[in-house]
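Below, chain A is the first sequence line, B the second, and so on; all start at residue 1.
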2 protein chains.
Amino acid sequence: MLDVTLQALADPTRRAIVARLAAGESRVTELAAPFAISLNSVSKHVRMLERAKLVSRRVAGREHFISLTPGPMDEAIGWMTQQKALWAWRLGRLEEVLDHG
Amino acid sequence: MLDVTLQALADPTRRAIVARLAAGESRVTELAAPFAISLNSVSKHVRMLERAKLVSRRVAGREHFISLTPGPMDEAIGWMTQQKALWAWRLGRLEEVLDHG
DNA sequence: GCATTATTCACCCCTAGAGGTGAATATGTT
DNA sequence: AACATATTCACCTCTAGGGGTGAATAATGC
């Protein structure tokens with residue numbers, strides 16, 4: 001799923017949505033408000049975040065409440081951290097990564 | 001540059017290249033060897049990793065030695081970690097992220 | 001000089017994605 | 001019932017990306 005996660009986060013609009021959701025769940029319309037793009041486009045962005053399981057949806061009447069599910073980010077963080085660790089280990093300075101990497 | 005970094009890492013072939021480079025620098029041909037795709041395609045993948053500054057190139061004669069530059073991953077790791085932290089903080093369980101996130 | 005090796009350049013094809021608009025669906029309000 | 005709101009569906013356009021092939025460029029080896 002790393003593909004889907006990283007691709008989902010590669011788009012600035014979607015990262016802004018994620019950042020917004022870190023502050024709490026919100027409706028699609030609220031998510032769309034800050035952007036100059038159409039509500040429809042935001043809806044599609046949300047769908048891609050859903051596909052990446054970075055958000056989940058709670059439907060209450062006609063409103064869809066989107067909330068963050070940061071779990072998949074762990075895998076991405078883990079992969080990058082591991083690559084960095086291997087690289088640093090080969091260079092003989094593993095401490096650099098373990099200390100503040 | 002988060003866009004470029006995450007997009008570069010979103011492709012499995014490029015992640016495999018990065019993983020290979022964590023073990024040490026290597027030539028484009030060596031990088032291409034494990035893949036079923038053409039050398040040309042691998043060359044393009046390397047170019048995208050270069051654009052993301054995840055790798056750098058040292059030209060020695062006709063050989064191009066590619067090596068990992070994991071710096072940009074810090075920014076990506078930092079962004080995700082921060083989002084997770086904000087989210088967890090709002091939920092009142094910051095320790096979850098600080099301990100093993 | 002000539003052939004071989006390493007890599008890129010210049011194209012082509014095809015799909016995915018980001019944007020749009022207008023209609024459909026579903027719920028809420030009066 | 002009639003209207004308004006929230007969201008998605010269905011389509012269109014355009015560009016970027018991943019794949020390919022064949023030629024060009026550059027360096028090595030003979």
Side-chain angles (χ1 to χ4, degrees), chain A residues 1-21 23-69 72 76, chain B residues 1-21 23-69 72 76:
Chain A
M1 290 287 297
L2 260 182
D3 302 60
V4 191
T5 305
L6 291 171
Q7 201 196 340
L9 294 177
D11 183 271
T13 301
R14 284 193 289 266
R15 280 201 307 280
I17 291 176
V18 165
R20 167 67 180 76
L21 288 175
E25 76 171 5
S26 67
R27 298 178 309 136
V28 177
T29 307
E30 291 164 3
L31 288 176
F35 303 107
I37 65 180
S38 74
L39 174 66
N40 217 327
S41 290
V42 174
S43 175
K44 288 186 218 173
H45 282 302
V46 170
R47 197 190 320 153
M48 299 209 72
L49 289 170
E50 261 186 305
R51 184 178 64 160
K53 297 192 170 41
L54 281 163
V55 306
S56 68
R57 184 187 303 253
R58 174 176 68 87
V59 178
R62 61 183 167 180
E63 295 163 304
H64 295 206
F65 289 92
I66 312 296
S67 56
L68 190 59
T69 313
Chain B
M1 289 288 296
L2 260 182
D3 302 60
V4 191
T5 304
L6 291 171
Q7 201 197 342
L9 293 177
D11 182 272
T13 301
R14 285 193 288 267
R15 279 201 308 280
I17 291 176
V18 165
R20 166 67 179 76
L21 288 175
E25 76 171 5
S26 66
R27 298 178 308 138
V28 178
T29 307
E30 291 163 3
L31 287 176
F35 302 107
I37 64 180
S38 74
L39 174 66
N40 218 327
S41 289
V42 174
S43 175
K44 288 186 218 173
H45 282 303
V46 169
R47 198 190 320 152
M48 299 208 72
L49 288 170
E50 261 186 307
R51 184 179 63 161
K53 297 192 171 40
L54 282 163
V55 306
S56 69
R57 184 187 303 254
R58 174 177 67 86
V59 178
R62 60 183 167 181
E63 294 163 303
H64 295 208
F65 288 93
I66 312 297
S67 56
L68 191 60
T69 314

J.: Expected output is a numbered-order residue list: members of residues 58-68 of chain A with a heavy atom under 4.0 Å from any atom of DNA chain C. What is it?
T.: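 Only A:Gly61, A:Arg62 qualify.
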J.: Any chance you could measure A:Leu54, atom CG, to A:Met1, atom CE, to the nearest 0.5 Å?
T.: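 So the CG of A:Leu54 and the CE of A:Met1 are separated by 8.0 Å.
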J.: What does the B/S/- profile of nucleotides 17-24 of chain D look like, 5' to 3', with a 4.0 Å heavy-atom cutoff to protein?
T.: SSBBBB--
J.: Measure the distance from CG on A:Leu9 to P on C:dA18 and round it to the nearest whole Å.
T.: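 In whole Å, C:dA18 P and A:Leu9 CG are 12 Å from each other.
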J.: Enter the distance from A:Leu21:CG to A:Leu31:CG here, rounded to the nearest 0.5 Å.
T.: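 So the gap between those two atoms works out to 5.0 Å.
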J.: Please confirm whether the backbone N or O of A:Leu9 pairs with a side-chain atom of A:Arg15, one donor and one acceptor, at under 3.5 Å?
T.: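 Flag set: sc A:Arg15 to bb A:Leu9 pair under 3.5 Å.
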J.: Could you tell me if the side chain of A:Arg51 sits less than 4.5 Å from the side chain of A:Gln7, heavy atoms only?
T.: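 Yes; the side chains approach each other to less than 4.5 Å.
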J.: Could you tell me if A:Arg58 sits above the aromatic ring of A:Phe65, with its cationic atom closer than 6.0 Å to the ring centre and no more than 45 degrees from the axis?
T.: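 Flagged: A:Arg58 positioned over aromatic ring of A:Phe65.
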J.: Are A:Glu30 and A:Arg27 close enough for a salt bridge, meaning some N to O gap below 4.0 Å?
T.: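 Answer for the salt bridge query: yes.
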J.: Rounded to the nearest 0.5 Å, how far does OG of B:Ser26 lie from CD1 of B:Ile17?
T.: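 These two atoms lie 9.0 Å from each other.
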J.: Apply side chain to side chain donor-acceptor pair (under 3.5 Å) to B:Ser43 and list each qualifying residue two or more places apart in sequence or on a separate chain.
T.: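 Counting only residues at least two positions away or on another chain, B:Ser43 forms no side chain to side chain donor-acceptor pair (under 3.5 Å).
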J.: Roughly how many Å is it from CZ in A:Arg47 to C1' in C:dG19, rounded to a whole number?
T.: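 My rounded result for the distance is 13 Å.
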